[in-house]
Amino acid sequence: MNYNTQDPFVEYTTVIRELSSVAAQISRVEETKVTVAAEKHHQLLNECIQEEQALLLKLRGLEQRRIKCQKTLDWEDLTIKQILEKASPTQLETLSPLFQDLEQQLKRLTHSRDAAEKILNVRLRELEIIAMQQQGSAYDSERKAAPAASSAARIHDTYV
């Protein structure tokens with residue numbers, strides 16, 4: 001892909017398309033993380049995380065290009081709505097579907113990230129509980145680590 005496009009508007013639309021694509025790719029990785037964690041295939045999480053890190057770096061670079069293009073187009077610090085208001089009718093015709101797709105991909109990404117975060121937190125808690133039990137500790141009623149009582153003491157406390 002030629003990043004030195006002569007027409008700043010063409011470069012800008014290319015960047016927006018690429019942002020949508022990368023957001024979709026990150027969403028797929030997040031959805032894979034949900035599946036992997038739900039099925040307790042924790043060994044596959046590392047691959048997902050590495051792929052996600054590479055995509056986030058790409059996203060950062062695209063965001064820098066977007067900012068540069070907006071500055072060149074005299075749209076610096078404008079929101080999408082403001083850009084659409086300022087754009088010519090021809091630009092509006094091109095930008096409107098691009099921005100709709102980007103917005104849709106970002107919503108999908110937000111939803112995927114939330115789902116992945118929830119399932120990963122559940123799995124982490126499960127692992128913490130298992131680790132504490134193996135160390136002879138347990139959780140108290142407030143989910144704080146507490147030393148586990150011996151079996152005899154637990155029975156004694158319960159039936160006395």
| Looking at residues at least two apart in the chain, or sitting in another chain, which of them share a salt bridge (charged side-chain N to carboxylate O under 4.0 Å, His left out) with R123? |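 Checked R123 against salt bridge (charged side-chain N to carboxylate O under 4.0 Å, His left out); matches are E126.
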
| Is it the case that more than 12 heavy atoms not belonging to E103 sit under 6.0 Å from its CD atom? |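 Counting other residues, nucleotides and ligands, CD of E103 stays at 12 neighbours or fewer.
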
| query | With a cut-off of 6.0 Å (strictly less than), are more than 12 heavy atoms of other residues, nucleotides or ligands near CD of Q43? | reply |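 Enclosed.
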
Under 4.5 Å between side-chain heavy atoms, hopping through other hydrophobics if needed: is there a path connecting [X] to [Y]?
{"X": "I26", "Y": "I119", "value": "no"}
{"X": "L124", "Y": "I49", "value": "no"}
{"X": "L62", "Y": "L56", "value": "yes"}
{"X": "L92", "Y": "L98", "value": "yes"}
{"X": "L19", "Y": "L95", "value": "yes"}

| task | With salt bridge (Lys or Arg N to Asp or Glu O under 4.0 Å) as the test, would you mind laying out the steps for E52 and R113 before giving the verdict? | result | CA-CA 11 Å; E52 184 179 34; R113 275 201 102 109; 3.5 Å; yes

| query | side-chain contact (heavy atoms from CB on, under 4.5 Å) between L109 and Q105: does it pass, once the steps are laid out? | reply | CA-CA 6 Å; L109 177 57; Q105 294 304 330; over 6 Å; no

| said: Looking at every heavy atom in both V22 and L55, which two are closest together, and how far apart are they? | reply: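 Looks like CG1-O, 3.7 Å.
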
[atom1]/[X] to [atom2]/[Y] distance, rounded to the nearest 0.5 angstrom?
{"X": "H111", "Y": "E31", "atom1": "NE2", "atom2": "CD", "value": "7.5 Å"}
{"X": "T35", "Y": "L44", "atom1": "OG1", "atom2": "CG", "value": "11.0 Å"}
{"X": "R65", "Y": "I16", "atom1": "CZ", "atom2": "CD1", "value": "10.0 Å"}
{"X": "K58", "Y": "S21", "atom1": "NZ", "atom2": "OG", "value": "6.0 Å"}
{"X": "C48", "Y": "Q53", "atom1": "SG", "atom2": "CD", "value": "11.5 Å"}
{"X": "Q91", "Y": "W75", "atom1": "CD", "atom2": "CH2", "value": "4.0 Å"}

| For R66 and Q70, does a side-chain donor sit closer than 3.5 Å to a side-chain acceptor? |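 Per modelled atom types, R66 and Q70 side chains form a pair under 3.5 Å.
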
| said: side-chain contact (heavy atoms from CB on, under 4.5 Å) for L120 and L45? Distances and angles first, verdict last. | reply: CA-CA 10 Å; L120 290 172; L45 280 175; 3.8 Å; yes

| field | Flag, side chain of T13 to backbone of V10, donor-acceptor distance under 3.5 Å | value |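 Present.
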
| query | Ignoring hydrogens and geometry, is there a side-chain-to-backbone donor-acceptor pair from D101 to P97 under 3.5 Å? | reply |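 Such a contact is absent between D101 side chain and P97 backbone.
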
| task | Decide yes or no on side-chain contact (heavy atoms from CB on, under 4.5 Å) for K40 and H42, but give the supporting numbers first. | result | CA-CA 5 Å; K40 298 184 180 183; H42 302 125; 4.0 Å; yes

